[in-house]
Amino acid sequence: MTGEFNLRRRRFMGVAALTVAAAHFGVGRGALAKSTSEARIPATTPGTNTSFAKIRQIDAGVLNIGYAEAGASDAPVVILLHGWPYDIHTYVDVAPLLAKVGYRVVVPYLRGYGTTRFLSPDTPRNGQQAAIAADIVALMDALGIEKAVIAGCDWGARTANIVAALWPERCKALVSVSGYLIGSRETNKKPLPPKAELAWWYQFYFATERGRAGYEQYRKDFAKLIWQLASPKWGFDDATFNRSAEALENPDHVDITINNYRWRIGLADGERKYDGLEARLAELPVIGVPTITLEGDANGAPHPEPAAYAKKFSGKYEHRLISGGIGHNLPQEAPQAFAQAVVDVDRF
């Protein structure tokens, strides 16, 4: 990969660094094999947990990233990625479940959310798919994580897909809600049937300056509406919503959101340094790492049918439909099922 932007993984330098890497990815993996060879995630009531013990901060790439962490520091790593308009509380019940069965769990705020901030005021507030994925690789480098199981929902699922596709050496296995979500702007130029276009109403709204102003002014109301539409059978309470809505007060949140949706349909430019990555993603690459895809039986958000993406996964693969009125924010609505998928895919 050439050009300004080079995301080849950093090499751990020196004996000390190699020792740390061995502790993380050798001994830890053996310990996991013992603890999870027959691991079953116990039944869990969603909403059992309401917060993470501590939010940490680390400089990574162009960001200072805020992230929650659970589990032993020398355990095998799982990275959990949230979507829009959600936040790390998507995994507030999942993280402790995975920590209990032997994982180190890292849950970062994406750019434009929570305590994550840009290091420079001059960095474009860019929400394109390659930029967000590059952030996660930079985070792994900053934390000294050579390889992890990566799992996500919504924007987080797309980001996890991209890391698995472009940097498979960094992704041991993948869990992806709603399957294969890597996008192509050329594909997005093609019109959909009217009913499908209706489901993307907010993307068209965000294409206008009225939409940008409306999201800026009413972002909390907007987010709650998306939650309700995307998970019509999820009876979340105000306290649950408000905990996540705080993350949307990030000063870059509106810029990132608007840019993301405008970029998808060719109304906003990306950064030139990501052109090489986007060219590869536009080919819709097949993902070869072991994968479990999940779908809720009451997902009200736009999402592809499982049959449409099954062939995009060339490694060991399984799809699971999670029943019981589970909507788009599947990890928060069905934490046991999501955590079990992480454990199971790690044994593939």
- Query: Does the gap between the ring centers of Y261 and Y202 come in under 6.0 Å?
  - Reply: yes

- Take F222 and W201 through the ring-ring contact (aromatic ring centres under 6.0 Å, His included) test and state the conclusion after the steps. CA-CA 12 Å; F222 200 104; W201 65 272; 5.4 Å; yes

- Query: Just wondering, do P304 and L181 contact through their side chains at under 4.5 Å, heavy atoms?
  - Reply: yes

- Query: Under the side-chain hydrogen bond (donor to acceptor under 3.5 Å, both in side chains) criterion, do Y317 and T293 qualify, and how do the steps go?
  - Reply: CA-CA 8 Å; Y317 172 70; T293 57; 2.7 Å; yes

- Heavy-atom closest contact (G152 atom, A160 atom, distance): N-CB, 4.4 Å

- Audit row: N161, K312, side-chain hydrogen bond (donor to acceptor under 3.5 Å, both in side chains) steps and yes/no: CA-CA 10 Å; N161 284 189; K312 300 304 291 184; over 6 Å; no

- D154 side chain to W84 main-chain N or O, any donor-acceptor pair under 3.5 Å? yes

- Message: Whether R125 engages the ring of F118 as a cation-pi pair (distance to the six-membered ring centre under 6.0 angstrom, angle to the ring normal within 45°) should be assessed.
- Response: yes

- Item | Close side-chain approach of T240 and R243, heavy atoms under 4.5 Å | yes

- Would you mind checking if R170 and D141 are paired as a salt bridge, meaning a charged N to carboxylate O distance below 4.0 Å? yes

- Honestly curious: do Y91 and V101 fall in one hydrophobic cluster under the side-chain, below-4.5 Å linking rule? yes

- Message: To the nearest 0.5 Å, what is the distance between CG on D135 and CG on L63?
- Response: 4.5 Å

- Message: Run the side-chain hydrogen bond (donor to acceptor under 3.5 Å, both in side chains) test on N329 and T90 for me, step by step, so that the C-alpha distance in whole Å, both residues' side-chain angles and the decisive distance to 0.1 Å come before the verdict.
- Response: CA-CA 7 Å; N329 193 17; T90 289; 3.1 Å; yes

- Are I132 and W263 connected in the hydrophobic side-chain network, where two residues link if heavy atoms are under 4.5 Å apart? no

- Do you know which of T50, T44, N49, T45 makes side chain to side chain donor-acceptor pair (under 3.5 Å) with D93? N49

- Query: Salt-bridged, K224 to D221, with N to O below 4.0 Å?
  - Reply: no

- Query: Do the side-chain N and O atoms of D346 and Y103 include a donor-acceptor pair separated by under 3.5 angstrom?
  - Reply: yes

- Message: Can you confirm if the aromatic rings of H89 and F241 lie within a centre distance of less than 6.0 Å?
- Response: no

- Nearest atoms (heavy-atom pairs only) where L267 meets A207: CD1-CB, 3.6 Å

- Task: Count the heavy atoms of every other residue, nucleotide or ligand shown that sit under 6.0 Å from OH of Y218, and state whether that count exceeds 12.
- Result: no

- Item | Pair W200 + F206: ring centers closer than 6.0 Å | no

- Query: With the threshold set at 4.0 Å, does a side-chain nitrogen-carboxylate oxygen contact exist between D269 and R262?
  - Reply: no

- Do the side chains of Y180 and K311 get nearer than 4.5 Å, heavy atoms only? no

- Going hydrophobic residue to hydrophobic residue with side-chain gaps under 4.5 angstrom, can you get from I79 over to L330? yes

- Tell me yes or no: between the side chains of E295 and S178, is some donor less than 3.5 Å from an acceptor? yes

- Query: Any ion pair linking R280 and E278 (charged N to carboxylate O, less than 4.0 Å)?
  - Reply: no

- Item | Residue pair S184 / L284: nearest heavy atoms and the distance that separates them | CB-CD2, 4.1 Å

- Message: I'd like to know if E69 pairs up with R104 as an ion pair, taking the criterion as any Lys NZ or Arg NE/NH1/NH2 lying under 4.0 Å from an Asp or Glu carboxylate oxygen.
- Response: yes

- Item | Gap separating the CZ atom of R158 from the CD1 atom of I162, nearest 0.5 angstrom | 7.0 Å

- Message: Counting C-beta onward and ignoring hydrogens, is there a side-chain heavy-atom pair between I292 and V345 closer than 4.5 Å?
- Response: yes

- Message: Tell me the closest heavy-atom pair linking H82 and I88, and the distance in Å.
- Response: CD2-N, 3.9 Å

- Heavy atoms of I65 and A60 approach each other most closely as CD1-CB, 3.9 Å

- Query: Distance only, no hydrogens: is a donor on one side chain within 3.5 Å (strictly under) of an acceptor on the other, for Q340 and D344?
  - Reply: yes

- Item | Y205 with V254, same ILVMFWY side-chain cluster at under 4.5 Å | yes

- Note on the structure: Nearest heavy-atom contact between I182 and A165 is CD1-CB, 3.9 Å

- Is there side-chain contact between L81 and I136, with at least one heavy-atom pair below 4.5 Å? yes

- Looking only at atom types and distance, does a side-chain atom of S314 sit under 3.5 Å from a main-chain N or O of V286, one as donor and one as acceptor? no

- Item | Single-linkage hydrophobic cluster W155~W227, side-chain heavy atoms < 4.5 angstrom | no

